[in-house]
Amino acid sequence: AMPSDAQVIAAIHGVTCEAVPLAVAATCQESLADILGIAAAAEAVGITFYYQGILGGFFHDLSETRQWYLQAALDEERNHLAYLVAQGAASPPTRLYYPANAFNDLPTFLGILDTLENAFIAAYLAAMQQFARLGLPLLAQTAGQILGVEAEHRILGRFIGGQQPPNNLCLVRASFPCVADAATALRPFLQGSDTFTRAADLPTTTQINVAVDRFGCAPIPTAAYRTFLPTVRRAGR
């Protein structure tokens, strides 16, 4: 039987998720090209971040299974970018910027991972609302497919860092009303700043393949239209 509220409270032993505000209606009017371009730039930031992390000195100090988490994340971000480009996204920047010590030690890397993945999640949430406004339900659903994986990255980063519980939110945060807000938040990664001084080039396909090794993600079809026809009964049946 479905447990009562009292039974649930007793079972969780005081471990509760953090309340998160619901999404609100956005007033922005963003074009498809704008949304795809911002998303592609964000994925380029993610690809380069995970690639540089795998090259970082702390990577080989991780257990093998935790190395796999980062390798799979790199492959997943690569697949996200490929999908966006196939939908017409403009080519993203090929030189990205990070804090000078971004890849020096694991705690710093994981802190930036959390910042980036929360931004990616919020960007795709905003994109879903804009795609719905534009009458593009398939793109909205596919953005949800990508968002789900970005949320996995966030939780695995918290797991690697020993944060408890790693799945600490009741809902993911809809931090950006508009997709353009994500571009603003990611600007230091895209343009550099006084503190984002470590430049890194978007890795090539070959470089990503070497870094991912055999720990890539499983291919999953993107959302597609489904046609459902009513069942027609023949007379006498």
Side-chain angles (χ1 to χ4, degrees), residues 15-23 38-54 56 58-59 62-63 65-81 83-84 92 96 98-99 102-103 105-129 140-179 181-190 196 208 211-212 215-218 220:
V15 179
T16 58
C17 62
E18 180 182 340
V20 173
L22 295 173
I38 294 168
E43 294 295 350
V45 171
I47 290 168
T48 309
F49 173 74
Y50 281 111
Y51 178 74
Q52 291 295 325
I54 290 169
F58 63 81
F59 179 75
L62 296 172
S63 67
T65 53
R66 295 186 180 191
Q67 291 178 8
W68 299 348
Y69 298 158
L70 301 183
Q71 289 170 302
L74 171 59
D75 195 32
E76 287 152 4
E77 304 290 22
R78 177 249 297 268
N79 276 270
H80 298 168
L81 178 57
Y83 171 79
L84 294 167
L96 293 311
Y98 303 88
F103 309 106
D105 60 82
L106 183 61
T108 301
F109 176 82
L110 293 177
I112 298 170
L113 185 158
D114 191 69
T115 295
L116 285 176
E117 293 298 350
N118 278 298
F120 299 161
I121 290 164
Y124 280 111
L125 277 173
M128 290 174 71
Q129 187 172 158
Q141 189 173 4
T142 305
Q145 289 181 285
I146 296 174
L147 182 159
V149 175
E150 305 296 1
E152 292 174 355
H153 296 170
R154 172 188 170 272
I155 289 176
L156 287 172
R158 287 176 56 83
F159 178 78
I160 293 172
Q163 294 176 274
Q164 298 296 334
N167 53 330
N168 63 318
L169 301 179
C170 300
L171 301 170
V172 293
R173 297 187 186 281
S175 303
F176 304 140
C178 304
V179 184
D181 296 321
T184 300
L186 294 172
R187 186 173 296 148
F189 294 94
L190 300 169
F196 284 64
I208 293 173
V212 169
F215 304 111
C217 58
I220 301 292

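In this chain, residues are counted from 1 in sequence order. Everything quoted here is computed from the prediction, not taken from an experiment.
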- prompt: Is there a side-chain contact between E150 and E76, using heavy atoms and a 4.5 Å cut-off?
  reply: no
- prompt: Given the rule in the ring pair (Phe, Tyr, Trp, His ring centres under 6.0 Å) test, do Y50 and H153 qualify, once you have shown the distances and angles that lead to the verdict?
  reply: CA-CA 11 Å; Y50 281 111; H153 296 170; 5.7 Å; yes
task: First locate atom CZ of F59, then atom CD of Q67, and finally report the distance between them rounded to the nearest 0.5 Å.
output: 4.0 Å
field: Inter-residue atom distance Y124.OH - I146.CD1, 0.5 Å rounding
entry: 4.0 Å
- request: Identify the two heavy atoms, one from V15 and one from P165, that lie closest to each other, and give their separation to 0.1 Å.
  value: CG1-CG, 4.2 Å
field: Separation of R173 CZ from R154 CZ (nearest 0.5 Å)
entry: 7.5 Å
query: Are side-chain heavy atoms of L81 and P92 found at a separation under 4.5 Å?
result: yes
- request: Go through V172 and N118 one step at a time and tell me if the side-chain contact (heavy atoms from CB on, under 4.5 Å) criterion holds.
  value: CA-CA 8 Å; V172 293; N118 278 298; over 6 Å; no
- request: Just say parallel, tilted or perpendicular for the rings of F109 and F49, cut-offs at 30° and 60°.
  value: parallel
- request: Provide the closest heavy-atom pair for S175 versus P177 in the form atom of the first, atom of the second, distance.
  value: O-CD, 3.7 Å
field: Criterion side-chain hydrogen bond (donor to acceptor under 3.5 Å, both in side chains) on T184 and D181, from CA distance to verdict
entry: CA-CA 5 Å; T184 300; D181 296 321; 5.2 Å; no
task: Using the side-chain contact (heavy atoms from CB on, under 4.5 Å) rule, take F189 and V45 through it: C-alpha gap first, then chi angles, then the decisive distance, then the call.
output: CA-CA 7 Å; F189 294 94; V45 171; 3.9 Å; yes
message: The criterion is salt bridge (charged side-chain N to carboxylate O under 4.0 Å, His left out); which residues satisfy it with R187, sequence neighbours excluded?
response: none
field: From CD (E77) to CD1 (I208), nearest 0.5 Å
entry: 10.5 Å
T108 vs P99 side-chain heavy atoms within contact, under 4.5 Å: no
query: Hey, what do you get for CD (E43) to CD1 (I47), rounding to the nearest 0.5 Å?
result: 6.5 Å
field: Ring centers of Y98, F103 separated by less than 6.0 Å
entry: yes
query: At their closest point, which heavy atom of A119 faces which heavy atom of F176, and how far apart are they?
result: O-CE1, 3.5 Å
message: Quick check: closest heavy atoms across A174 and L125, and the distance to 0.1 Å?
response: CA-CD1, 3.8 Å
query: Would you say the side chain of N79 lies within less than 4.5 Å of the side chain of C217, judging by non-hydrogen atoms?
result: yes
message: Just so I know, are the side chains of N168 and Q163 near enough to count as touching, which here means a heavy-atom distance under 4.5 Å?
response: no
- prompt: Hey, does L116 have a side-chain heavy atom less than 4.5 Å from the side chain of L186?
  reply: yes
message: Could you tell me if the side chain of L106 sits less than 4.5 Å from the side chain of I160, heavy atoms only?
response: yes
query: Quick one: do E117 and R158 make a salt bridge, cutoff under 4.0 Å?
result: no
query: Is the closest side-chain heavy-atom distance between Y69 and F215 below 4.5 Å?
result: no
- prompt: Which atom pair, heavy atoms only, marks the closest approach of A102 to I112?
  reply: CB-CD1, 3.5 Å
- line: For L74 and A211, the nearest pair of non-hydrogen atoms, with its separation, is CD2-CB, 3.8 Å
task: Measure the spacing between CD of E18 and CG of N167 and express it to the nearest 0.5 Å.
output: 12.5 Å
